[in-house]
Amino acid sequence: MAKAELKDFLDEKAAFYEQPKFIETDPIQIPHLYSTKEDIEISGFLTATISWGNRKSILTNAHKLMNLLGNTPYDFVMNHTEEDIEKLNGFVHRTFNHNDLSYFIIALRNLYQNYGDMEAFYTRYADKENLQHAIHEFKKEFFSLPHPARTQKHVSDPLKNSAAKRINMFLRWMVRNKKAGVDLGIWNSISPSKLSCPLDVHSGNVARKLGLLKRKQNDGKALAELDNNLRILDPIDPVKYDYALFGLGVFEKF
């Protein structure tokens, strides 16, 4: 497929899948429950963190998590007591358990106390080209408090060759324009051109079939290769093609 044909094909698919009905079966429905910036950020980050495995299970556990936070995630993060933390006991999604969740709540409070919000942190560390270094700095800051060693695995580090799929998905939710009704678009200080595709098995397989990706592993090097090719197709909003790649893989079995 010629490059112009490929762009037309992916533009059409991206527009087809980036519709409000996409929310019905996607974890992005969780931050859509909220209206304040901080609630959207925190619910989105926690939901993205547990977004692996069966999609139905992800949604069930994400709603359960929000209920545990009293459906006021920012207030819970900033004003929780030890007794509140104890109420999180028993939460589990695959390998993410209540001990991990408890630390995430404490670390988020520390982050908000020191930086104001998550957008301010990422804006401070964003490079000219992308947000991968900012993700690395985020992980360093997030785990700057005493924490269980096992909990670190739930935030990926691109500088250790991770594709960091879940946190790149979270950043897409926060940064991309909300005019299509799917992404939230609440961060105005970061350009969508700096976003990276949430690379997973579905988007990776489709990208390879379309000649956008040659590397076999879905790792940081593969993400850099895919990002470069998507930015050629659309340097302003390259991650809109996540909808096309994901939709083709999951819904069309491309």
Side-chain angles (χ1 to χ4, degrees), residues 20-113 117-119 135 138-139 142-143 145 147-156 164-174 178 181-187 198 200-202 242 246 250-251:
K21 64 181 180 180
F22 182 88
I23 298 171
E24 296 172 6
T25 58
D26 193 80
I28 200 173
Q29 68 181 253
I30 304 299
H32 269 283
L33 296 172
Y34 301 98
S35 57
T36 65
K37 180 181 182 181
E38 294 82 3
D39 282 338
I40 293 170
E41 283 184 346
I42 293 170
S43 64
F45 174 66
L46 293 175
T47 298
T49 298
I50 65 168
S51 289
W52 86 100
N54 179 274
R55 287 164 70 80
K56 184 177 180 181
S57 177
I58 293 168
L59 294 176
T60 297
N61 286 329
H63 281 288
K64 184 183 297 183
L65 174 50
M66 293 304 110
N67 287 333
L68 287 172
L69 303 184
N71 288 306
T72 55
Y74 179 67
D75 181 67
F76 189 98
V77 163
M78 301 307 293
N79 301 305
H80 65 268
T81 64
E82 289 188 16
E83 187 176 282
D84 292 326
I85 291 292
E86 289 176 2
K87 293 177 182 178
L88 304 179
N89 287 349
F91 179 82
V92 62
H93 176 79
R94 297 174 71 90
T95 63
F96 187 88
N97 64 25
H98 65 271
N99 291 318
D100 303 313
L101 175 57
S102 297
Y103 179 76
F104 267 56
I105 297 300
I106 293 167
L108 282 167
R109 179 169 64 183
N110 184 61
L111 189 81
Y112 277 83
Q113 286 174 337
D117 60 24
M118 296 180 77
E119 179 182 11
I135 296 174
F138 174 81
K139 180 167 185 174
F142 197 73
F143 291 105
L145 303 175
H147 61 274
R150 68 180 304 281
T151 304
Q152 286 204 37
K153 68 183 178 182
H154 294 296
V155 178
S156 299
K165 178 253 182 178
R166 287 171 286 166
I167 203 158
N168 279 313
M169 181 177 69
F170 163 71
L171 292 171
R172 192 204 83 202
W173 293 351
M174 298 298 106
K178 64 180 181 181
V182 185
D183 289 317
L184 283 303
I186 61 170
W187 290 6
D200 64 9
V201 63
H202 304 292
D242 180 36
F246 182 81
V250 172
F251 300 116

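Here the structure is a predicted model, which is why all the values come from computation and not from measurement.
- Residues R150 and N97 have side chains in contact (heavy-atom distance under 4.5 Å, counting atoms from C-beta outward).
- Closest approach of I23 to Q29, counting heavy atoms only: O-NE2, 3.2 Å.
- I30 contributes atom CD1, which lies 11.0 Å from atom CG of L46 (distance to the nearest 0.5 angstrom).
- The shortest heavy-atom contact between M66 and P73 is SD-CG, 4.4 Å.
- Side-chain atoms of K64 do not come within 3.5 Å of backbone N or O of V92 as any donor-acceptor pair.
- Annotation: side chain of V182 is not in contact with side chain of W173 (no heavy-atom distance under 4.5 Å).
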Applying side-chain contact (heavy atoms from CB on, under 4.5 Å) to R166 and V155, what does each step give before you reach the verdict?
CA-CA 8 Å; R166 287 171 286 166; V155 178; over 6 Å; no
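- A search for side chain to side chain donor-acceptor pair (under 3.5 Å) contacts involving Y112 returns E41, not counting sequence neighbours.
- When all heavy atoms are compared, the tightest approach of S102 to L88 is OG-CD1, 4.1 Å.
- Under the 3.5 Å distance criterion, the side-chain polar atoms of R55 are matched with a main-chain donor or acceptor of T25.
- D183 CG to D242 CG: the interatomic distance, rounded to the nearest 0.5 Å, is 8.5 Å.
- Applying the 6.0 Å contact sphere to NZ of K153 captures more than 12 heavy atoms from other residues, nucleotides or ligands.
- Here the closest non-hydrogen pair linking P27 and L59 is CA-CD2, 3.6 Å.
- Checked by atom type and distance alone, the side chain of H147 pairs as donor or acceptor with a backbone atom of L145 at under 3.5 Å.
- Here the two rings, on F45 and F138, have centers that are under 6.0 Å apart.
- With sequence neighbours excluded, the residues satisfying side chain to side chain contact (heavy atoms under 4.5 Å, CB included) with D84 are F76, H80, T81, K87.
- E119 pairs by the side chain to side chain donor-acceptor pair (under 3.5 Å) definition with K37, S189, not counting sequence neighbours.
- A heavy-atom distance below 4.5 Å is not found between the side chains of E38 and M118.
- Checked against a 6.0 Å centroid threshold, the rings of Y74 and Y34 do not count as neighbours.
- Of the possible polar contacts, none joining the K165 side chain to the D200 backbone as a donor-acceptor pair under 3.5 Å is found.
- Between T151 and F142 the shortest side-chain heavy-atom distance does not fall below 4.5 Å.
- Ring-centre distance between F96 and H154: below the 6.0 Å cut-off.
- Within a 6.0 Å sphere centred on CD of Q113, other residues, nucleotides and ligands contribute more than 12 heavy atoms.
- Looking at H93 and T49, their side chains never come closer than 4.5 Å, going by heavy atoms from C-beta outward.
- The distance from atom NZ of K56 to atom CG of N61, rounded to the nearest 0.5 Å, is 12.0 Å.
- Distance CG/L68 to NE2/H98: 11.5 Å, rounded to 0.5 Å.
- Going from atom OG1 of T60 over to atom CG of L65 covers 12.5 Å, rounded to the nearest 0.5 Å.
- Side-chain contact check for I28 versus H32: some heavy-atom pair is nearer than 4.5 Å.
- When all heavy atoms are compared, the tightest approach of G44 to F170 is C-CD1, 3.6 Å.
- Summarising the geometry, atom CD1 belonging to I167 is positioned 12.0 Å from atom OG belonging to S51; distances are rounded to the nearest 0.5 Å.
- Listed for the N168 side chain is a donor-acceptor partner under 3.5 Å among the backbone atoms of A164.
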